[in-house]
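One structure is given below, encoded as structure tokens.
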2 protein chains.
Amino acid sequence: MQENYFGDFLRNNGIKPSFQRIKIYEYLLQNKEHPTVETIYNALNSQIPTLSKTTVYNTLKVFIEKGIAMAITIDDTEVRFDADVKVHGHFKCEHCHKIYDFEVDVESISSEALKDFDVYDQQMFFYGVCKVCKNNS
Amino acid sequence: MQENYFGDFLRNNGIKPSFQRIKIYEYLLQNKEHPTVETIYNALNSQIPTLSKTTVYNTLKVFIEKGIAMAITIDDTEVRFDADVKVHGHFKCEHCHKIYDFEVDVESISSEALKDFDVYDQQMFFYGVCKVCKNNS
DNA sequence: TTATCAATTTGTAACGATTACAACTTGATA
DNA sequence: TATCAAGTTGTAATCGTTACAAATTGATAA
Ligand SMILES: [Mn+2]
Ligand SMILES: [Mn+2]
Ligand SMILES: [Zn+2]
Ligand SMILES: [Zn+2]
């Protein structure tokens, strides 16, 4: 039934729900640590032995085009993915490398300087040391 | 004299002022469109025919370590560089591909959720259509 | 001046994430 | 059951970046 739920969701967003696409979207929803293509591929390869890394790339590209996922380049070495497409900030701990989501008051940022610009997307990336790592040192 | 001025600036920041380093820093200061390594290399190669792209990479790495420049990954395809190291936002126009700086009220963003985190760096990337492109369409 | 030596620069090779592409598979439709 | 477009797969190519060893530079001291 779960399978069917995700299938409907994809269909409602104009995406033909193949087995691979359902599994990849399900993984993104259930693993909110902003996984990379590599991580997603490795995690699903046991369930879907025939899975190709290209399919993971293709599928995420479709998700982004259809607006049900977004890409996060918070490290310049690898792109991460997020099924949460509402505007929110990301904090990366330089110690444990974990990525935290945080709420942002969108209005307060939209600066005076951009008042005549059309802003379609906004990314906020913060870097530092998280609460947990601070307390463990 | 200009040469000497940049030389002193680099020295004051713990960087030995070689000819290449002076030229690269000078270029960064005078070309505020957030150039890539490729752009910097191509621009300086006529003045310095022996310049190596590796030197551009090495030099920018030193600048970043010493805190007189920063890297901007506003497109995931290439890294850009900025001699303005104070916290500010970047807007990329999807039409003309120009990158605009904008002021950000730092305090207003520092969200409640991060109150126990140490934040060392923050990047704000906005995407959309700039004022000029809006008016020309 | 000349020798010495570490820092810097250079060119080339290697790396690795991503993309291109052609062959194969799947599944809906007639 | 045949057809055919859409989706998947594996491999090769691409390209920005990094590793590395050799060459050059420039400061210091004999
Ligand atoms: Mn997120
Ligand atoms: Mn800037
Ligand atoms: Zn941490
Ligand atoms: Zn524009």
Side-chain angles (χ1 to χ4, degrees), chain A residues 3-4 6-8 10-11 13-27 34-66 68-81 97, chain B residues 3-4 6-8 10-11 13-27 34-66 68-81 97:
Chain A
E3 197 100 326
N4 226 306
F6 289 125
D8 289 343
L10 293 180
R11 222 184 324 263
N13 285 90
I15 301 166
K16 202 167 165 185
S18 71
F19 182 67
Q20 289 87 339
R21 287 170 171 178
I22 289 171
K23 287 299 174 190
I24 291 171
Y25 187 70
E26 187 183 353
Y27 184 86
H34 311 89
T36 63
V37 162
E38 190 70 17
T39 307
I40 298 168
Y41 173 75
N42 289 334
L44 295 181
N45 204 21
S46 47
Q47 293 179 52
I48 318 170
T50 64
L51 184 66
S52 165
K53 207 174 281 187
T54 301
T55 299
V56 180
Y57 277 104
N58 290 341
T59 299
L60 290 166
K61 195 175 179 188
V62 171
F63 288 177
I64 290 168
E65 282 166 6
K66 298 297 184 178
I68 66 166
M70 67 174 175
I72 306 289
T73 45
I74 195 168
D75 354 76
D76 53 1
T77 52
E78 55 192 357
V79 180
R80 293 165 170 276
F81 296 89
H97 306 122
Chain B
E3 197 100 328
N4 226 305
F6 291 125
D8 288 343
L10 293 179
R11 222 183 325 263
N13 286 91
I15 300 166
K16 201 168 167 184
S18 70
F19 182 67
Q20 290 86 339
R21 286 170 173 179
I22 290 171
K23 287 299 174 191
I24 291 170
Y25 187 71
E26 188 184 353
Y27 184 86
H34 311 88
T36 63
V37 162
E38 189 70 19
T39 306
I40 298 169
Y41 173 76
N42 289 335
L44 295 180
N45 204 21
S46 48
Q47 293 180 52
I48 317 168
T50 63
L51 184 65
S52 166
K53 207 174 280 186
T54 301
T55 299
V56 181
Y57 277 104
N58 289 341
T59 300
L60 290 167
K61 195 176 178 186
V62 171
F63 288 177
I64 290 169
E65 281 165 6
K66 298 297 184 179
I68 66 166
M70 67 174 174
I72 307 287
T73 45
I74 195 168
D75 352 78
D76 54 0
T77 53
E78 55 194 357
V79 180
R80 295 165 169 275
F81 297 88
H97 305 122

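Order of the sequence lines fixes the chain letters, A, B, ..., with proteins taken first and strands second; residue numbering starts at 1 for each chain.
Note that the CG atom of B:D8 and the CG atom of B:N13 stand 11.0 Å from one another [nearest 0.5 Å]. Atom NZ of B:K23 and atom OG1 of B:T59 lie 14.0 Å apart (nearest 0.5 Å). Between the CG atom in B:L51 and the OG atom in B:S46 there is a gap of 10.0 Å [rounded to 0.5 Å].
We find that CZ of B:R11 is positioned 17 Å from P of C:dA7, with the value rounded to whole Å. Atom-to-atom, CG of B:L60 to C1' of C:dT9 comes out at 14 Å; the value is rounded to the nearest Å. Rounded to a whole Å, the NZ atom of B:K16 is 17 Å from the P atom of D:dT24. At whole-Å resolution of the value, OH in B:Y41 and C1' in C:dG11 are 10 Å apart. Regarding A:I72, its CD1 atom lies at a distance of 19 Å from the P atom of C:dA17, rounded to whole Å. Remark: P of D:dC15 and CD of B:E78 are 12 Å apart, rounded to the nearest angstrom. Rounded to an integer number of Å, the gap from A:I22 CD1 to C:dG27 C1' is 14 Å. Atom CG in A:D76 sits about 7 Å away from atom P in D:dT18, given to the nearest Å.
Note on A:Q20: only backbone sugar-phosphate atoms sit closer than 4.0 angstrom, heavy atoms only; bases stay farther off. Looking at heavy-atom distances under 4.0 Å, A:T77 makes contact with sugar-phosphate atoms alone, never a base.
Taking only side-chain atoms of A:R21, from C-beta outward, the nucleotide of C:dT9, C:dT18, D:dG7 with the closest atom is D:dG7.
Scanning residues 46-58 of chain B for heavy-atom distances under 4.0 Å to DNA chain C yields B:T50, B:L51, B:S52, B:T54, B:T55, B:N58.
In this structure, the side chain of A:R80 does not engage the main chain of A:T36 through any donor-acceptor pair within 3.5 Å. A donor-acceptor contact shorter than 3.5 Å is absent between the side chain of A:T73 and the backbone of A:D76.
Side-chain atoms of A:I72 and A:V79, non-hydrogen and from C-beta on, never get closer than 4.5 Å to each other.
The salt bridge (charged side-chain N to carboxylate O under 4.0 Å, His left out) pairs that include a residue from residues 34-60 of chain A are A:E38-A:K53, where partners are two or more places apart or lie in different chains.
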